[in-house]
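Comments concern the structure below.
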Amino acid sequence: MGDGDEARLIAGGQTLVPLMAMRLARPKRLIDIARIPELAFVRKEDSAIAIGATTRQHVLEHDPLVRAEVPLLAMVMPHIGHAPTRARGTLGGSLANADPAAEIALVAVTLEATLAYREGARAIETAAAEFFTGPMTTVLPPTGLLTGARFPIWRHARVGVGFHEVSSRTSDFAFASAAAQIALDEAGICRRAALGIGAVTSVPLRLDRLGEKLENLSFQEVQEKPIREEVAALLSDQDVFSDLHASGDYRRRAAAALLIRAIFDAWRNADQTAVDVIPAERAGLRPANESLNPVISVGRAFTQAVDYWVPARAYPLRDDTIVHLDVNGAARSVEIEPRTSLLDCLREQFLLTGAHAGCEHGVCGACTVLMDGTPIRSCLMFAVQADGHAITTIEGLTPGPGELSIIQDTFCETHGMQCGYCTPAMILAAHALLASNPAPARAEIVRAVSANLCRCTGYAQIIEAIALAAERMRGLNRPATGP
C-alpha cells in the first residue's frame with residue numbers, strides 16, 4: 001500500500017464499489033483482504049467483545065455472543081442494507097468508509113468502542129469518537145489497515161437497548177437515527193446510559209450530558225421535553241444535513257423524536273432483560289445457516305470461523321487472470337481482467353444473461369445470484385473475489401432443458417412475473433428462503449424479497465407465488481393436470 005499507486009483495501013466492497021461506480025472513489029489498485037482468516041473473528045477479551053475487521057455483517061447479525069454481550073450492535077444489524085449486502089459487507093468496511101448514516105459507526109460511538117488499525121509495524125488504537133473526522137473520512141492513514149474493534153461489555157444485571165431510524169424504505173440510508181443503551185438497578189433506577197444520534201451531521205454524536213441527566217431517574221421521572229432540549233442544544237452549533245431527502249429542521253426534530261423512542265424502548269427492554277445472567281446458550285440464540293457460519297465455543301469465549309475460505313490466490317500484476325468458479329454445478333475457468341465484475345463475467349463470458357444489470361449500486365437487486373447458497377449482489381463483487389466459490393444463477397434452477405422448477409412454475413401461474421426484469425432475482429431469493437425455511441410466514445417472505453425492487457410493483461403476486469411454491473414443495477398443493 002505504500003508504493004504510491006493509490007491503492008485501496010477491499011473486503012466486502014458493499015460501500016467501496018458503489019463509490020467507484022459513481023466515480024466518488026477512483027483507486028488504481030484494489031487489495032483484497034477478505035481471505036485473511038486472522039481478520040475474521042468474534043471473541044471475548046477481558047471486558048470487551050473483539051470483532052475482526054473482515055467479519056461479515058450477517059455473521060454479527062446472528063452471533064450469540066454479540067447478541068448476549070453487545071445487544072445494541074445486534075439490534076442495528078437488520079437495518080444495515082439488505083440481507084444480500086450484509087452477506088458480503090463487513091464490520092471494518094462500514095467503519096473505515098465512515099458513511100454518516102452507517103449504523104455500526106453510530107453504535108461504536110455510542111458505546112465508546114475502541115478501533116484498532118495498523119500502519120506498517122505500528123499497532124494503533126483510537127476511540128471511535130476520535131476515529132471519524134467527517135463524511136467518509138477518518139484518521140486512518142492512506143497506508144493503514146483497520147484490523148478490528150472492541151465493544152465494551154456492560155457488567156450490569158439489567159441492560160436494555162433501543163434503536164430507531166427513519167428512511168425512505170426499510171434498510172435504505174437513514175435520514176436520522178438514534179441509539180440508546182441503559183442499565184438499571186433492581187429498583188428500576190437508571191445507573192448508566194449511553195445515547196447517540198446519527199445520519200444528521202457529518203459524524204455520529206454521543207450525548208454524554210443527557211446520559212448523565214438520566215442517571216438516578218426512574219422510568220416515571222423521564223420527560224420528553226428535556227430530551228428535546230438537549231438534542232437541540234447539541235445540534236445548535238452543528239452543520240446539520242439538508243438535502244432533497246430531508247431538511248435540516250426535519251432532521252433535528254426527527255433525531256429528538258427517535259432518541260425519545262430509543263430511550264423508552266431501552267428502559268422497557270432493561271426491565272425485562274438480565275444480560276449478564278442469560279448466557280447465549282440458554283437464550284436459544286444461534287447463527288442462521290450454521291453450515292456457513294459455525295460458532296466454536298470454549299466456555300464463554302466464542303470464535304467465529306467461516307468454513308468457505310479457499311486458499312488465498314496471489315493475483316499477478318497483469319491485465320488478466322484465471323478465475324475458477326463452480327457455476328450452476330459445473331466447474332468453469334475463465335481468463336478475465338481483475339476489474340471485471342461478477343455480473344459482467346456471468347453475462348459476457350458464460351452467456352448467463354438471467355442476472356440483469358440495473359442500478360449497479362447494489363440497490364435494485366436485479367443482479368442477484370447465489371454464492372454458496374446465499375443471495376449476493378453480483379454487480380458489487382469482482383469475479384476474482386468469487387474464485388473458488390459456487391455460483392448459482394437462474395439458469396441453474398431448472399430441472400432440465402425446457403423445464404421449470406416449482407418456484408418458476410408458481411411465478412407463471414400467479415402472474416408473479418410481469419416485465420420479467422426483476423423476476424430471476426426474486427426467484428433466487430425465494431429459492432434461498434425455501435431451502436432454509438420450507439414453511440415461511442408471509443412476513444418472512446416479504447423480508448426475503450424486500451431487497452429486490454419490482455418496477456411493475458407486482459409484489460402481491462410475487463408473495464403469492466412464493467407461498468404457493470412453499471406449499472407445493474411440502475406436498476400440500478398440486479398443480480392442475482387437466483385443461
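Between the CG atom in N437 and the CD atom in E444 there is a gap of 4.5 Å [rounded to 0.5 Å]. Taking OG1 from T368 and CE from M426, the interatomic distance works out to 9.0 Å, rounded to the nearest 0.5 Å. Put simply, OH on Y250 and OG on S242 are 12.5 Å apart, with the number rounded to the nearest 0.5 Å. The structure places CD1 of I33 at 11.5 Å from CD of E38, a figure rounded to the nearest 0.5 Å. Rounded to the nearest 0.5 angstrom, L370 CG and L428 CG are separated by 4.5 Å. For the atom pair CE of M77 and CZ of R86, the computed distance is 7.5 Å after rounding to the nearest 0.5 Å.
Of the possible polar contacts, none joining the R56 side chain to the T90 backbone as a donor-acceptor pair under 3.5 Å is found. In this structure a side-chain-to-backbone donor-acceptor pair under 3.5 Å is present from R474 to P438. Formation of a donor-acceptor pair under 3.5 Å by the R118 side chain with backbone atoms of A121 is found in this model. Looking only at distances, a side-chain donor or acceptor of Y459 sits under 3.5 Å from a matching main-chain atom of C454. Of the possible polar contacts, one joining the T85 side chain to the H82 backbone as a donor-acceptor pair under 3.5 Å is found. Within the 3.5 Å criterion, the main-chain N or O of T353 finds a donor-acceptor partner in the side chain of E395. Side chain of T133 to backbone of V139: no donor-acceptor contact under 3.5 angstrom is found.
The pair R251-D243 meets the salt-bridge criterion, with a side-chain N (NZ, NE, NH1 or NH2) lying under 4.0 Å from an Asp/Glu carboxylate O.
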Problem set entry | Stepwise side chain to side chain donor-acceptor pair (under 3.5 Å) check, T410 with T414 | CA-CA 6 Å; T410 60; T414 63; 5.8 Å; no
For this session: Could you give me the CA-CA distance, side-chain angles and deciding distance for Q408 and S405, then say whether side chain to side chain donor-acceptor pair (under 3.5 Å) is met?
Result: CA-CA 5 Å; Q408 290 171 313; S405 69; 3.2 Å; yes
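Under the side chain to side chain contact (heavy atoms under 4.5 Å, CB included) criterion, A50 pairs with F41, R43, E45, R150, not counting sequence neighbours.
Side-chain contact check for D172 and S168: at least one donor-acceptor pair (N or O, by modelled atom type) lies under 3.5 Å.
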